[in-house]
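We use all heavy atoms of the structure for the numbers below, so side chains are in, but hydrogens, waters and symmetry mates are not. All residue numbers refer to positions in the sequence shown, counting from 1.
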Amino acid sequence: MGLTDPETLTGPRRALYDAIAGGPRRQQRGQVPIADEQGRLLGPFGLMLIAPEVGDAVQRLGAALRFQSGLSPRVRELAILTVAVATGCEFEWWAHEQAALAAGLDPAQLQSILDGSLPEGLTGAEREAARVCLALAHRHRLDDDEYASAERTLGPVTLAELTWLVGYYSTLALALAVFAPPSPAPSTEGQPSPSTGEQPSPSTGDQPDTSSRKPR
C-alpha cells in the first residue's frame, strides 16, 4: 500500500493526519520518524488513515503509552525493540533504534535484544521488565511464577502498562505485515536473522555494530 499525499486528505482522514503529525509526536521527530520529506505519514501512521475513526483510537492509545504512562524511556524502548524482534518487524526496529540509544541503552544491549536475550547492565526493575517483554512478545502470556515476580518487582500499574505497550506494538507490526507500505528502513537482505537461529557475528571494535542488523 502506497504512502498518502496529505494534500489529498479531507474530513476525518485530514483530522487524523493533523492529530498525528501536529500532536505531541512532533517532539520526537528527531528520534522516531513520523513522516517523510513530502509530509506523507510513514509506517503504521499512514495505515491508520485507512479507517480513520479506528485509526484515531489506535494512535491515541500509542500517544498515551508514550507520553502519559509511567514507563521510563529505557524500558519503553527496550519493550518496543523486543516486539520488533519477536515479530520480525524491520520498520519498528529501524524507527526506534536511535530512540533507544538516546534513552541510554548502548549498542551491546541492543545486540542482546536482537539476539533474543536479556541485556546486561540493567537495573533490577529493568531486568524484570525485560523478562516480562520477552515472555509476552514470544509466548503471549506469563505463567504464575512470572506474574508473581513481575507484580512484586514492578507493581500492577507498570505491569499493565507494559502489557498494553507490547500489545500495541504487536498490533502495529501486524498492520505493517498485512499492508506492507513502502519503508525507508535499509534492506537487511543477506543479514543473519534471530528467527533463523543464526547469530550475527560482532563487528570490529569494542561494541557490536547494530546499524546493519535488523529483524526480518
Inset, instruction - Please round to the nearest 0.5 Å and tell me the distance separating atom OG of Ser112 and atom CG of Asp106. - result: 8.5 Å
Inset, instruction - Tell me yes or no: between the side chains of Glu128 and Ser149, is some donor less than 3.5 Å from an acceptor? - result: yes
Inset, instruction - Run the numbers on Arg13 and Thr8 for side chain to side chain contact (heavy atoms under 4.5 Å, CB included), then give the verdict. - result: CA-CA 9 Å; Arg13 288 183 172 84; Thr8 67; over 6 Å; no
Legend entry - 4.5 Å side-chain heavy-atom contact, Thr4 and Leu41: no
Legend entry - Shared hydrophobic cluster for Phe45 and Val58 (ILVMFWY, side-chain gaps under 4.5 Å): yes
Legend entry - ILVMFWY network linking Leu61 to Leu162, side-chain heavy atoms under 4.5 angstrom: yes
Legend entry - Closest heavy-atom pair and its distance - Arg74, Ala103: CG-O, 2.9 Å
Legend entry - Side chain Glu161, main chain Gly70, donor-acceptor under 3.5 Å: yes
Inset, instruction - Walk me through it: do Arg131 and Leu134 pass the test side chain to side chain contact (heavy atoms under 4.5 Å, CB included)? - result: CA-CA 5 Å; Arg131 288 194 188 98; Leu134 278 170; 5.9 Å; no
Inset, instruction - Would you mind checking if Glu77 and Arg66 are paired as a salt bridge, meaning a charged N to carboxylate O distance below 4.0 Å? - result: yes
Legend entry - Spatial distance of atom CD1 (Ile113) from atom CD (Gln111) [nearest 0.5 Å]: 10.0 Å
Legend entry - Met1-Leu3 co-clustered via ILVMFWY side chain contacts under 4.5 Å: yes
Inset, instruction - Using modelled atom types only, decide if a donor and an acceptor are shared between the side chain of Glu120 and the backbone of Gln109 within a distance under 3.5 Å. - result: no
Inset, instruction - Kindly work out whether a path of hydrophobic side-chain contacts (I/L/V/M/F/W/Y, heavy atoms less than 4.5 Å apart) joins Val83 to Leu142. - result: yes
Inset, instruction - Indicate yes or no: at least one non-hydrogen side-chain atom of Gln59 is less than 4.5 angstrom from one of Asp56. - result: yes
Inset, instruction - Kindly give the heavy-atom pair with the smallest separation between Pro181 and Gly43, and that separation in Å. - result: CG-O, 4.1 Å
Inset, instruction - Quick one: closest heavy-atom pair of Pro184 and Phe91, and the distance? - result: CD-CE1, 4.0 Å
Legend entry - Straight-line distance of Arg60 CZ to Met48 CE, nearest 0.5 Å: 11.5 Å
Legend entry - same_hphob_cluster(Leu71, Leu136) at 4.5 Å side-chain heavy-atom cutoff: yes
Legend entry - Closest heavy-atom pair and its distance - Glu126, Leu122: OE1-CA, 3.5 Å
Legend entry - Approximate separation, where rounding is to 0.5 Å, of Thr82 OG1 and Trp93 CH2: 8.0 Å
Inset, instruction - Working to the nearest 0.5 Å, report the span between CG of Asp5 and CD of Gln38. - result: 8.5 Å
Inset, instruction - Please confirm whether the backbone N or O of Pro6 pairs with a side-chain atom of Arg14, one donor and one acceptor, at under 3.5 Å? - result: yes
Inset, instruction - Identify the two heavy atoms, one from Thr153 and one from Ala125, that lie closest to each other, and give their separation to 0.1 Å. - result: CG2-CA, 4.1 Å
Inset, instruction - Taking atom CG of Asp143 as the centre, report whether more than 12 heavy atoms of other residues, nucleotides or ligands fall under 6.0 Å from it. - result: yes
Inset, instruction - Supply the atom-to-atom distance Leu118 CG to Cys133 SG, rounded to the nearest 0.5 angstrom. - result: 10.0 Å
Inset, instruction - Could you check Val32 against His96 for side chain to side chain contact (heavy atoms under 4.5 Å, CB included), going step by step and ending with a plain yes or no? - result: CA-CA 6 Å; Val32 179; His96 284 271; 3.9 Å; yes
Legend entry - Asp18 side chain vs Gly22 backbone, donor-acceptor pair below 3.5 Å: no
Inset, instruction - Would you name the heavy atoms of Pro52 and Leu49 that are closest together and state the gap between them? - result: CD-O, 3.6 Å
For residues 165-180, tabulate all N or O donor-acceptor pairs below 3.5 Å that involve a side-chain atom, not counting sequence neighbours.
| from | atom 1 | to | atom 2 | distance (Å) |
| --- | --- | --- | --- | --- |
| Ser170 | OG | Val166 | O | 2.7 |
| Thr171 | OG1 | Gly167 | O | 2.9 |

